[in-house]
Amino acid sequence: MSGHSTYEPKTGFERWLDARLPIVRLGYDSFVDYPTPRNLNYWWTFGGILSLCLASQLITGIILVMHYTPSADHAFASVEHIMRDVNYGWLIRYMHANGASMFFIAVYIHMLRGLYYGSYKAPREVLWLLGCVIYLLMMATAFMGYVLPWGQMSFHGAVVITNLFGALPVVGESITTWLWGGFAVDNPTLNRFFSLHYLLPFMIAGVVILHIWALHVVGQNNPTGVEPKSKADTVPFTPYATVKDGFAMSVFLILFAWFVFFMPNALGHADNYIPANPLVTPSHIVPEWYFLPFYAILRAVPDKLMGVLAMFGAIACLFALPWLDTSKVRSMRYRPTAKIHFFIFVVACCVLGVCGAKLPDDQVIPGVTTFQLMASDLNSFVWLSRVAALYYFAFFLVILPMLGLTEKTLPVPDSIASPALSHPAAAPAEATAAPEMKG
Amino acid sequence: MTAAAGGAVALAWPFIDQMNPSADTRALASIEFDVTKVGEGQQVVVKWRGKPLFVRNRTKAEIAKAVADDGASMKDPQKDADRVKPGKAQWLIVGGNCTHLGCVPTFGGGEYGGWFCPCHGSVYDTSGRIRKGPAPKNLIVPEYAFLSDTKVKIG
Amino acid sequence: MLRKLSVIAAVAGFLAAGVAGPALAAHGALPAKKVEWSFDGPFGKFDQAQLQRGYKVYREVCSACHSMNLVAFRNLGDKGGPFYDKKYPNSNDNPYVKAIAKDYEVADIDNETGDAIKRPATPADRFPAPFPNEAAARASNGGALPPDMSLLAKAREEGPDHIYSIVTGYAAPPPGLKMDPTQHYNKYMAGDLSSYWSGPKEHVPPGGFIAMAPPIKADQVTFDDGTKATLDQEAKDVAAFLMWAAEPKLEERKQTGFVVLIYLLIFAGLLYASYRQVWKNESH
């Protein structure tokens with residue numbers, strides 16, 4: 001995709017700099033002249049939105065550290081000091097806390113977009129894998145950040161998550177002790193989580209650079225899944241994509257601001273305004289909303305080790321996705337059956353999210369008692385989550401590999417600029433095979 | 001080559017081991033506890049090594065229930081008598097963390113008359129044995145000894 | 001385009017509802033009575049007269065057992081606070097606040113002798129706790145710990161509604177409920193009463209046990225502004241005061257948010273116009 005640079009230094013200084021460090025040229029080629037498929041829809045604006053989220057989290061986070069005290073005795077009070085006494089501290093802290101949720105909303109949409117339009121398929125496997133690494137780092141960062149206020153949810157969330165490693169045979173106990181730096185979650189745990197919570201965002205930023213680099217090597221996918229073939233298929237990044245991304249960002253900011261200013265605690269848990277107490281677990285302990293689907297998978301399995309493995313397996317599926325999907329057609333726009341499964345998959349994820357927030361034995365349909373199976377009533381959230389988890393895994397491990405071989409796909413357009421098919425009879429498989437050779 | 005690799009490993013170890021419990025944390029304190037403070041059918045939560053410990057004065061009915069269930073099918077089979085000190089069956093001293101993921105179970109929930117863990121629904125009986133749910137093991141019985149009829153030393 | 005945005009908004013809304021919704025179901029307790037607060041909604045503000053009344057209830061009733069460790073006397077005179085006075089932008093100068101602080105004694109160290117002494121509080125001090133430590137608080141309250149009140153209104157799922165409901169939610173225990181004489185029955189307290197209930201299984205009474213006796217009754221406090229001190233009024237006022245104590249920057253937050261949203265709406269509108277302009281000649 002990246003052809004010859006069209007950057008022309010205009011002033012003497014630019015020429016001088018360009019001969020020594022062509023950084024302006026890099027920026028120009030990447031964000032001004034960069035050819036962008038002309039048919040990108042709004043789902044493609046979430047990459048830009050995510051950069052905004054990362055920048056916002058980094059800036060607010062660095063500011064919060066100026067006032068925060070990482071100590072089991074003072075952490076809770078120092079967060080309240082930020083909320084009450086630091087000038088605009090409430091704003092920065094609420095931005096950081098809600099910013100994490102916004103980051104995850106955006107990343108989930110970004111991932112589902114990639115899943116729907118086949119953005120993980122050759123030659124974009126590494127691009128997708130880097131994205132998965134970012135997602136993993138985000139989860140680790142978010143989890144450790146949630147521990148820092150040292151409230152009840154912080155503490156017991158840390159207990160539950162670190163105990164997951166205890167499920168590993170033989171080494172489990174040594175690993176948890178090593179993670180804790182003691183025989184329980186305590187001050188050493190808080191301190192190391194703080195250190196890592198500060199470090200990981202910069203690692204995320206590093207992997208984001210690799211992610212963008214990989215993107216610029218292979219070029220953006222687009223809703224048709226057909227690679228751009230001529231100049232007519234693309235528009236320059238600036239102003240076309242920048243203005244569209246900018247508009248989408250401003251709309252996203254409105255949502256963000258609504259949460260920060262008018263419902264800043266809606267996505268959090270009331271119990272986290274109670275200082276950590278190792279002797280009492282809150283009666284209803286749930287992780288932050290963005291972990292709920294994985295939490296539901298963990299609880300769906302009645303065995304401790306298998307539950308932990310299933311949860312990590314759910315994430316591992318994402319990494320394997322480029323090699324699980326066997327379809328030659330990239331975009332699900334032209335895969336009618338896959339499209340249906342995609343939407344069921346989205347529903348299954350949402351169902352898992354809801355199940356993760358409920359008590360396992362609560363009834364899905366109130367007042368109806370069916371029969372007991374594996375020590376739980378069939379009409380319970382634990383069974384609903386089992387069904388949804390089964391679909392989650394089947395989608396990756398059975399449906400996508402099988403469907404690609406059997407599915408009857410719709411004809412794929414020849415090029416982006418001619419959505420009306422010039423050769424309606426053209427075999428869809430060939431239509432995408434060609435551009436892949438181009439790289 | 002081997003020397004360099006050996007050196008690298010030797011250098012890495014301090015950087016890994018520093019995360020393990022430090023000397024002051026390892027200097028584990030044992031505690032003494034006066035059990036007369038716990039009325040019959042009551043339980044006191046004591047903090048020991050940063051974690052809760054349940055000291056429970058069991059009623060006759062609770063003990064009878066636990067003993068009656070000795071033969072029931074269990075994940076981690078253990079006799080009630082093996083979980084208390086001889087002649088002190090009313091005193092059940094167990095770690096207050098669910099063996100699943102470490103939450104603190106509450107007494108009086110679940111269908112076995114013992115503890116119920118609010119996190120993932122593990123149910124323990126009146127002997128602290130796991131009867132239902134994802135937890136793999138019974139509530140841990142720590143090392144302890146009765147110094148006198150009323151005083152117990154834990155750890 | 002707008003259709004897609006509405007999808008995004010719907011997804012976000014669904015997530016918010018899906019997360020906030022289930023957490024409300026504290027087992028067994030009745031859902032809290034909904035009160036219309038002056039601070040509800042995007043334009044909500046604290047009612048200063050109500051905060052003053054609520055402070056009086058806290059001072060004369062709650063503070064006997066409940067600490068409020070995170071709140072300083074000066075906060076009472078901060079903007080949006082119960083005793084804010086425009087004449088004293090620095091709340092430490094507010095004579096009313098000074099007078100309130102002076103009535104309390106705080107522990108200090110004598111600079112010359114090094115002895116532990118008590119001195120009258122200044123606006124910079126925080127509210128002293130009624131008990132020196134947790135053990136003392138439990139010992140004086142039958143083993144139960146009266147929770148700190150600084151964040152109480154945010155630390156309960158239903159916020160000030162919950163506090164109002166608890167204070168007004170005491171009732172005689174229904175016959176068939178076995179209870180400890182030191183406990184009290186409250187319909188809005190979280191808990192599970194099924195193991196204490198001897199009646200039919202499907203009619204377990206709602207609510208739970210609370211160690212706190214009914215804390216206040218009608219006319220226990222005389223309000224300075226002449227408002228009739230019914231139990232309902234006292235409960236509402238103290239709940240509003242505690243909401244202020246938990247979130248003193250609420251007014252500032254909502255007012256700032258209004259300006260920010262106006263700005264963002266205009267900004268988004270301008271960007272949309274330029275987007276239309278840029279893409280005018282490109283089919284897509």
Side-chain angles (χ1 to χ4, degrees), chain A residues 38-43 77 80-81 83-85 89-91 94 101 105 108-109 151-152 235 239-240 243-244 246-255 257-267 269-275 283-284 286 288-290 292 350 353-354 357-359 362 417, chain C residues 1 4-5 8-9 11-12 14-16 18-23 25-27 41-42 69-72 75 147-148 150-159 190-192 246-249 252-258 260-261 264-265 267-272 274-275 277-279 282-284:
Chain A
R38 64 185 313 126
N39 59 337
L40 297 187
N41 55 31
Y42 276 98
W43 300 115
E80 278 305 313
H81 161 70
M83 293 294 290
R84 289 161 190 270
D85 290 333
W90 58 270
L91 172 65
Y94 276 150
S101 284
I105 289 175
Y108 282 132
I109 294 175
Q152 271 290 62
V235 287
Y240 292 96
V243 74
K244 192 165 177 171
F247 170 61
M249 275 182 214
S250 63
V251 173
F252 188 78
L253 279 177
I254 291 173
L255 176 76
W258 185 265
F259 273 102
V260 167
F261 292 107
F262 298 116
M263 43 197 304
N265 295 307
L267 297 170
H269 299 289
D271 284 296
N272 223 24
Y273 282 110
I274 303 171
S283 61
H284 192 74
V286 283
E288 292 289 81
W289 68 266
Y290 36 82
L292 288 174
C350 295
V354 172
K358 302 276 186 184
L359 289 172
D362 277 357
Chain C
M1 200 274 315
K4 281 175 183 164
L5 287 177
I8 299 171
V11 168
F14 171 80
L15 289 169
V19 172
H27 3 179
N69 294 333
L70 297 168
V71 180
N75 294 134
D148 183 77
S150 352
L151 282 166
L152 198 64
K154 274 176 15 183
R156 296 293 179 273
E157 217 41 85
E158 291 151 315
D192 182 1
E247 185 84 353
K249 307 286 175 157
E252 190 186 347
R253 166 161 65 78
K254 290 187 173 179
Q255 285 162 6
T256 316
F258 181 68
V260 169
L261 274 186
L264 281 176
L265 283 170
F267 186 62
L270 284 174
L271 275 172
Y272 186 65
S274 17
Y275 161 70
Q277 182 67 28
V278 166
W279 284 79
E282 296 288 343
S283 63
H284 60 287

[X] versus chain A, heavy atoms under 4.5 Å apart: side chain, backbone, both or neither?
X        : result
C:Pro42  : both
C:Leu261 : side chain
C:Glu252 : both
C:Val260 : side chain
C:Leu152 : neither

What part of [X] gets closer than 4.5 Å to chain C, counting heavy atoms only: side chain, backbone, both or neither?
X        : value
A:Ile254 : both
A:Val235 : side chain
A:Asn272 : neither
A:Tyr94  : side chain

### NZ or CZ of C:Lys254 within 45° of A:Phe262 ring axis and under 6.0 Å
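Verdict for A:Phe262: no cation-pi partner in C:Lys254.
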| query | Can you tell if the side chain of C:Glu157 reaches within under 4.5 Å of the side chain of A:His284, non-hydrogen atoms only? | reply |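 In short, these two side chains do not touch, never coming nearer than 4.5 Å.
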| task | For the residue pair A:Ser250 and C:Leu271, establish whether any side-chain heavy-atom pair is separated by less than 4.5 Å. | result |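 A side-chain contact under 4.5 Å exists here.
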- Given the options A:Pro264, A:Gly151, A:Ser101, which has more heavy-atom pairs under 4.5 Å with chain C than any of the others?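 Highest number of heavy-atom pairs under 4.5 Å: A:Pro264.
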For this session: Assign the ring pair A:Phe247 / C:Tyr275 to parallel, tilted or perpendicular, where the plane angle (0 to 90°) is split at 30° and 60°.
Result: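 Judged by the thresholds at 30° and 60°, the geometry between A:Phe247 and C:Tyr275 is parallel.
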Would you indicate whether C:Phe267, at its atom CZ, is surrounded by more than 12 heavy atoms from other residues, nucleotides or ligands within a distance under 6.0 Å?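 No, CZ of C:Phe267 has 12 or fewer neighbouring heavy atoms, counting only those of other groups under 6.0 Å.
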List in chain and number order the residues that pass side-chain contact (heavy atoms from CB on, under 4.5 Å) with C:Gln255, two or more places apart in sequence or in another chain; answer none if no residue qualifies.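 C:Gln255 satisfies side-chain contact (heavy atoms from CB on, under 4.5 Å) with C:Lys45, C:Glu251 only.
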For a side chain to side chain contact (heavy atoms under 4.5 Å, CB included) check, start with the C-alpha distance between A:Trp90 and C:Thr256, then their side-chain angles and the critical distance, and finish with the verdict. CA-CA 12 Å; A:Trp90 58 270; C:Thr256 316; 3.9 Å; yes
